[in-house]
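Counting convention: from 1, in listed order, for ligands and their atoms alike.
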Amino acid sequence: MNQEPLEKEKILEELSKLKKQDLEYSDGRILGSMCTRADPLAKEVFCDFLDANLGDPGLFKGTQTLEDEVIRDIGSFLSLEKPFGNVVTGGTEANLMAIRAARNMAREEKGIGNINSENGYSIPEIIVPKSAHFSFKKAADLLNLKLIEADLDENYRVDIESVKKNISDNTIAIVGVAGTTELGMIDPIEDLSKLAHDNDIYFHVDAAFGGFSIPFLKDFGYEMPVFDFSLEGVSSITVDPHKMGLAPIPSGGILFREKKYLDVMAVKSPYLTSKEQSTIVGTRLGAPAAATWAIMQYMGREGYAKNANECMINSEFLADALFKEDFELIVEPELNIVAFTHPEIPTDDLANMLEEKGWMVSVSSYPKAIRIVLMGHIKYTHLIDFLTSIREIKSSLNIR
Ligand SMILES: *Cc1c(COP(=O)(O)O)cnc(C)c1O
């Protein structure tokens, strides 16, 4: 590092040089991200709350109120009047908290994972769909759990029979996904909820991606399955404001039905203004809670409905256009993700050719396909340009 302090101008110059290497959402070239451009208002509020530490909430009572209100307002569109939870860094941390709560609860209430002189020690298990986000692999690793992946049906939703078959005496949680990361599919949450409830197993819904669109698309007449706390088996839900909630990164949400799930994770927090802490992170930035609060007020239900609807319209347009160009759609888009392959072009080659033309697509793993997430920064005109590139690639390969 430099010995002498540097001039401010020089530092900013260096930063702007490197920032130019970053892509901008507004270019419409980022086609595979679930994040999007943060609204200027949210950025302004974020900067204003950079000193607030939610790890020491007694010092930042106003910011604490903002966090509580964000969780309460998210609960209002997930059919839970009085949710308990936190604004966290994203879906990964939210899922980790949910699984930690489930693990601790099962240990306390059923003795699963305790060393028992008769039976020795058995590793607690969680059942997730094969389509679940990789954050559950991290959670299983960190919490020392066995991760069981249930099969999917022909539409890439979890097969309820496969989940049922995998339930054992050591099952501590079942996970369903409302808006899978790769394809945007919604698992049969109602059936999973019933199965979990009948077997007295913790049920977590990962709606990191779908949480800020599924409830609002209903307002526009889209038929959407029930996935929220109105189902009695649902114990917790992950929702990411930094995806379809249009909040700046990092903003994730974890909502629990009851306070006992936070209590069972709580550790004493000496030297701070709080007595206990249930979050994983200690010193915790208050800016995401404040910025999320601001953007939620600014959008309102109407704003989110409009955003989700526009993303769906673009998704349907792109899916139709690709179909007409002889691409194969993996599924009919259920949310704003379009995944496709071409019978004559290997998917990785296609991804590379698109990248050479400046399009940053992503490739899904199961099944392997080009995956486009139609976030709000992708406009109709970008899609027209994208389809031109698609036709150019086809003709360069002599495909009509
Ligand atoms: C994005 C996503 C996650 C992980 O969220 P991060 O914010 O990247 O940590 C978890 N689950 C699902 C379904 C997701 O789409």
Side-chain angles (χ1 to χ4, degrees), residues 25 30-36 38 70 74 78 85-100 102 126-142 147 149-150 152 156-158 173-189 192 203-215 224-225 227-228 234 236-255 279-281 284-285 288-289 291-292 295 308 311 315 331 333-339 362-366 371-375:
Y25 291 110
I30 301 180
L31 302 184
S33 173
M34 294 186 139
C35 294
T36 193
V70 165
I74 294 175
L78 297 179
N86 293 98
V87 175
V88 294
T89 53
T92 299
E93 192 187 346
N95 287 340
L96 180 57
M97 274 181 75
I99 300 303
R100 182 175 171 227
I126 57 172
I127 306 171
V128 309
K130 193 177 158 61
S131 54
H133 186 264
F134 57 80
S135 49
F136 292 102
K137 293 189 176 147
K138 298 182 186 174
D141 184 43
L142 283 162
L147 184 82
E149 294 191 338
L152 308 183
Y156 300 94
R157 299 186 185 100
V158 79
I174 294 173
V175 173
V177 188
T180 59
T181 311
E182 295 207 320
L183 300 175
M185 301 309 287
I186 305 171
D187 285 329
I189 302 296
L192 289 170
F203 180 43
H204 174 64
V205 175
D206 183 359
F209 180 60
F212 265 94
S213 59
I214 300 168
M224 289 284 159
F227 76 105
D228 64 15
V234 175
S236 54
I237 304 184
T238 287
V239 185
D240 268 1
H242 70 200
K243 291 178 175 170
M244 289 297 283
L246 310 180
I249 305 166
S251 182
I254 178 66
L255 278 77
T279 50
I280 291 159
V281 173
R284 211 153 57 83
L285 185 53
T292 303
I295 194 70
C311 293
S315 304
V331 283
E334 190 162 29
L335 292 176
N336 47 319
I337 298 181
V338 176
S362 82
V363 175
S364 63
S365 66
Y366 185 75
R371 161 186 175 271
I372 295 188
V373 189
L374 282 294
M375 298 300 287

Asker: Rounded to the nearest 0.5 Å, what separation is found between the CG atom of N95 and the NZ atom of K138?
Answerer: 10.5 Å
Asker: Which of the listed options, T238, T89, D206, holds the heavy atom that is closest to atom 12 (C) of ligand 1?
Answerer: D206
Asker: Please check if the side chain of R157 supplies one atom and the backbone of I186 the other of a donor-acceptor pair under 3.5 Å.
Answerer: yes
Asker: Is it the side chain (CB and beyond), the backbone, both or neither of N95 that lies under 4.0 Å from ligand 1, heavy atoms counted?
Answerer: side chain
Asker: Would you find a donor on one side and an acceptor on the other, under 3.5 Å apart, between the side chain of R284 and the backbone of T89?
Answerer: no
Asker: State, yes or no, whether a side-chain contact exists between S135 and L96 at a heavy-atom distance under 4.5 Å.
Answerer: no
Asker: Could you say whether the N/O atoms of F209 and ligand 1 ever approach to under 3.5 Å?
Answerer: no
Asker: So which of K243, H133, K138 gets nearest to atom 2 (C) of ligand 1, if we judge by its closest heavy atom?
Answerer: K243
Asker: Can you give me the closest heavy-atom contact between V281 and E93, atom names plus distance?
Answerer: CG2-OE2, 3.3 Å
Asker: Do side-chain atoms of H242 reach the backbone of S251 as a donor and acceptor pair under 3.5 angstrom?
Answerer: yes
Asker: When you measure from the side chain of E182 to the backbone of S131, do you find a donor-acceptor pair of N or O atoms at a distance under 3.5 Å?
Answerer: no
Asker: Give a yes/no verdict on whether any heavy atom in G179 is under 4.0 Å from an atom of ligand 1.
Answerer: yes
Asker: Looking at G90, which atoms of ligand 1 are within less than 4.0 Å of one of its heavy atoms?
Answerer: 7 (O), 9 (O)
Asker: Give me the nearest non-hydrogen protein atom to atom 6 (P) of ligand 1 as residue plus atom name, then the distance to 0.1 Å.
Answerer: G91 N, 3.4 Å
Asker: Polar-atom distance check: E93 versus ligand 1, any N or O pair below 3.5 Å?
Answerer: no
Asker: Please check if the side chain of N336 supplies one atom and the backbone of S315 the other of a donor-acceptor pair under 3.5 Å.
Answerer: no
Asker: Could an N or O of ligand 1 be found under 3.5 Å from any N or O of T180, whether backbone or side chain?
Answerer: no
Asker: Looking at M185, is its backbone amide N or carbonyl O close enough to the side chain of T180 to form a donor-acceptor pair, meaning the two atoms are under 3.5 Å apart?
Answerer: yes
Asker: Quick one: which ligand 1 atoms are inside 4.0 Å of a heavy atom on T92?
Answerer: 4 (C), 5 (O), 6 (P), 9 (O)
Asker: Looking at T181, which atoms of ligand 1 are within less than 4.0 Å of one of its heavy atoms?
Answerer: 12 (C), 13 (C), 14 (C), 15 (O)
Asker: Among all the protein's non-hydrogen atoms, which is closest to atom 7 (O) of ligand 1, and how far away is it?
Answerer: H242 NE2, 2.8 Å
Asker: I want to know if ligand 1 touches S135 in the polar sense, i.e. an N/O pair below 3.5 angstrom.
Answerer: no
Asker: Taking heavy atoms and a distance under 4.0 Å, where does D240 meet ligand 1: side chain, backbone, both or neither?
Answerer: side chain
